[in-house]
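Every number for a ligand or one of its atoms is a count from 1 in the order of the listing.
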Amino acid sequence: MGTVDVANKDVTASLADKKPKVVFVLGGPGSGKGTQCANIVEHFHYTHLSAGDLLRAEIKSGSENGTMIQNMIKEGKIVPSEVTIKLLQKAMLESGNDKFLIDGFPRNEENRAAFEAVTKIEPEFVLFFNCPEEEMERRLLSRNQGREDDNIETIRKRFKVFLESSLPVIEYYKAKGKVREIDAAKPVGEVFEAVKVVFTPKDEKVKSHGFSFPLLENESHCLGGLRNSTGDKLAYSFEVVCHNLLHITVF
Ligand SMILES: Nc1ncnc2c1ncn2[C@@H]1O[C@H](COP(=O)(O)OP(=O)(O)O)[C@@H](O)[C@H]1O
Ligand SMILES: Nc1ccn([C@@H]2O[C@H](COP(=O)(O)OP(=O)(O)O)[C@@H](O)[C@H]2O)c(=O)n1
Ligand SMILES: [Mg+2]
C-alpha cells in the first residue's frame, strides 16, 4: 500500500510538471463520445483516453480490482474515483503527449472533485454531446462491440446514472462557462463539423472562413470576395449592399 502511494505521488508530480492540456468529453451513453474522439485525434493530435476503455482493460489484465470493476460496469455504476484516476494518470504519463481528450470522465461529483484535488488539473473546456435518450438507446443496442453493459436492462440503469450523477457535473462546468455543447443527434459527419469549430482557434476561423475588405464611406454597393488563410482571394466573389460603413468583417 505504502509503495503504491509513493509511486502515485511520483506520477502526480511528473504529470504536474508537464502541465497537460485536458478536454473532458461528456455525454450520455451512446451519444458518440468515442466516435468523435477518434476524429478529433486524427485532426487535432490529442491523445484519447476513454475512462471506460481503461477500466475494461484493467478487468482484462487480471488486476485485483478486476472483479469489482466488472460488477460495477454490469450494473451501470460508477467505479470509485481512486481506481479510475490512477488509470488515467498512468495513461497520460505513458502517452508522452501533453494534450488529452478524457472521455467519459468525470461522470459524477466524486470523480470531478477527486481529479481536481489529486492532479490539480483544470480542463480547458468540456465538450458535451447532447443527444436524446431514444437515439442513444438505438445506437447502444446496435453497437455490436460485445459489451456486457449494452443490454436494455443495464442501458436503462446507465441513463438513470447519467441524469442523476453526470448531468450535475456538466451543470457545474456550465456555470463556469466551460461547456461547449454539440447537437449529437445528427449524422457523424455533421457532428464532427460542429466539433471542428470548437477545436479550431479563433484567429484560424477568421483566416480560413472570414472575409474582410475596405469600403468607401457612403458606398452602397461593393464587390467582396472570400480570402483564404494566406490572403489570396478565393475563386468566387459576391455583391453586398452596405451603407455608411468603412469596413466589414464577417465570419
Ligand atoms: N452521430 C451518430 N449517428 C449515428 N450513429 C452514431 C453516431 N455517433 C456514433 N454512432 C454509433 O453509435 C454507437 C455509440 O457510439 P460511441 O461513439 O461508442 O458512443 P459513446 O462513446 O458516447 O457511448 C456506435 O456504434 C457508433 O458507431
Ligand atoms: N468515469 C467512469 C467512466 C466509466 N465508468 C464505468 O464504465 C462504464 C462504461 O463507460 P463508457 O464511457 O465506456 O461507456 P459509454 O458512455 O462510452 O457507452 C460506465 O457505465 C461505468 O460503469 C466508470 O465507472 N467511471
Ligand atoms: Mg464510449
Please classify the [X] to ligand 2 contact at 4.0 Å (heavy-atom distances, strictly less than): side chain, backbone, both or neither.
{"X": "R147", "answer": "side chain"}
{"X": "D149", "answer": "side chain"}
{"X": "K74", "answer": "neither"}
{"X": "N111", "answer": "side chain"}

Among all the protein's non-hydrogen atoms, which is closest to [atom], and how far away is it?
{"atom": "atom 12 (O) of ligand 2", "value": "R107 NH1, 2.9 Å"}
{"atom": "atom 13 (O) of ligand 2", "value": "R56 NH2, 2.9 Å"}
{"atom": "atom 24 (O) of ligand 2", "value": "V79 N, 2.7 Å"}
{"atom": "atom 18 (O) of ligand 2", "value": "R158 NH2, 2.7 Å"}
{"atom": "atom 23 (C) of ligand 2", "value": "L55 CD1, 3.5 Å"}
{"atom": "atom 22 (O) of ligand 2", "value": "K77 O, 2.6 Å"}

Exercise. Apply side-chain hydrogen bond (donor to acceptor under 3.5 Å, both in side chains) to the pair S165 and E109, showing each step before the final yes or no.
Key: CA-CA 7 Å; S165 305; E109 173 58 19; over 6 Å; no
Exercise. Evaluate whether atom NZ of K90 has more than 12 neighbouring non-hydrogen atoms of other residues, nucleotides or ligands under 6.0 angstrom away.
Key: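 No.
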Show the short N or O contacts, below 3.5 Å, that ligand 1 makes with protein N or O atoms; if there are none, say 'none'.
{"unit_1": "ligand 1", "atom_1": "1 (N)", "unit_2": "R139", "atom_2": "NH2", "d": "3.4"}
{"unit_1": "ligand 1", "atom_1": "1 (N)", "unit_2": "K186", "atom_2": "O", "d": "2.8"}
{"unit_1": "ligand 1", "atom_1": "1 (N)", "unit_2": "V188", "atom_2": "N", "d": "3.3"}
{"unit_1": "ligand 1", "atom_1": "3 (N)", "unit_2": "R139", "atom_2": "NH2", "d": "3.4"}
{"unit_1": "ligand 1", "atom_1": "17 (O)", "unit_2": "G34", "atom_2": "N", "d": "3.4"}
{"unit_1": "ligand 1", "atom_1": "17 (O)", "unit_2": "T35", "atom_2": "N", "d": "2.8"}
{"unit_1": "ligand 1", "atom_1": "17 (O)", "unit_2": "T35", "atom_2": "OG1", "d": "2.5"}
{"unit_1": "ligand 1", "atom_1": "18 (O)", "unit_2": "R143", "atom_2": "NH1", "d": "2.8"}
{"unit_1": "ligand 1", "atom_1": "19 (O)", "unit_2": "G32", "atom_2": "N", "d": "3.2"}
{"unit_1": "ligand 1", "atom_1": "21 (O)", "unit_2": "G34", "atom_2": "N", "d": "3.1"}
{"unit_1": "ligand 1", "atom_1": "22 (O)", "unit_2": "S31", "atom_2": "N", "d": "3.3"}
{"unit_1": "ligand 1", "atom_1": "22 (O)", "unit_2": "G32", "atom_2": "N", "d": "3.0"}
{"unit_1": "ligand 1", "atom_1": "22 (O)", "unit_2": "K33", "atom_2": "N", "d": "2.9"}
{"unit_1": "ligand 1", "atom_1": "22 (O)", "unit_2": "K33", "atom_2": "NZ", "d": "2.8"}
{"unit_1": "ligand 1", "atom_1": "23 (O)", "unit_2": "G30", "atom_2": "N", "d": "2.8"}
{"unit_1": "ligand 1", "atom_1": "23 (O)", "unit_2": "R143", "atom_2": "NH1", "d": "3.0"}

Exercise. Mind listing the closest non-hydrogen atom pair of P80 and M68 along with its distance?
Key: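 Taking every non-hydrogen atom into account, CD-SD, 4.1 Å.
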Quiz prompt | Minimum heavy-atom distance V25-K33, with the two atoms named | solution =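 For V25 and K33, the tightest heavy-atom pair comes out as O-CD, 3.7 Å.
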Distance under 4.0 Å to a non-hydrogen atom of [X]: what atoms of ligand 2 satisfy this?
{"X": "I78", "answer": "24 (O), 25 (N)"}
{"X": "I73", "answer": "6 (C), 7 (O), 22 (O)"}
{"X": "R143", "answer": "17 (O), 18 (O)"}
{"X": "G104", "answer": "1 (N), 2 (C), 3 (C)"}
{"X": "K33", "answer": "15 (P), 16 (O), 17 (O)"}

Quiz item: Looking at Y173, is K178 sitting on its ring face, NZ or CZ under 6.0 Å from the six-membered ring centre and within 45 degrees of the normal?
Solution: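 Checked: cation-pi criterion not met.
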Quiz item: Hey, does the Lys NZ or Arg CZ of R112 hover above the aromatic six-ring of Y172, less than 6.0 Å from the centre and inside 45° of the axis?
Solution: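 Satisfied, under 6.0 Å and within 45°.
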Please tell me whether [X] and [Y] form a close aromatic pair, meaning their ring centres lie under 6.0 Å apart.
{"X": "F115", "Y": "F105", "result": "yes"}
{"X": "F100", "Y": "H48", "result": "no"}
{"X": "Y46", "Y": "F199", "result": "yes"}

Quiz item: Below 4.0 angstrom, N of the basic side chain to O of the carboxylate: do E122 and K176 qualify?
Solution: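 Salt bridge present between E122 and K176.
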Quiz item: Is D150 salt-bridged to R143, cutoff N-O under 4.0 Å?
Solution: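 Here D150 pairs with R143 in a salt bridge, since their nearest N and O are under 4.0 Å apart.
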Practice problem: Would you mind listing the cluster partners of V188? Hydrophobic ones only (ILVMFWY), side-chain contacts under 4.5 Å, chaining allowed. | Solution: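 Answer for V188: none, a lone residue.
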Quiz item: Without hydrogens or angle criteria, can the side chains of T47 and N97 be said to hold a donor-acceptor pair below 3.5 Å?
Solution: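 Per modelled atom types, T47 and N97 side chains form a pair under 3.5 Å.
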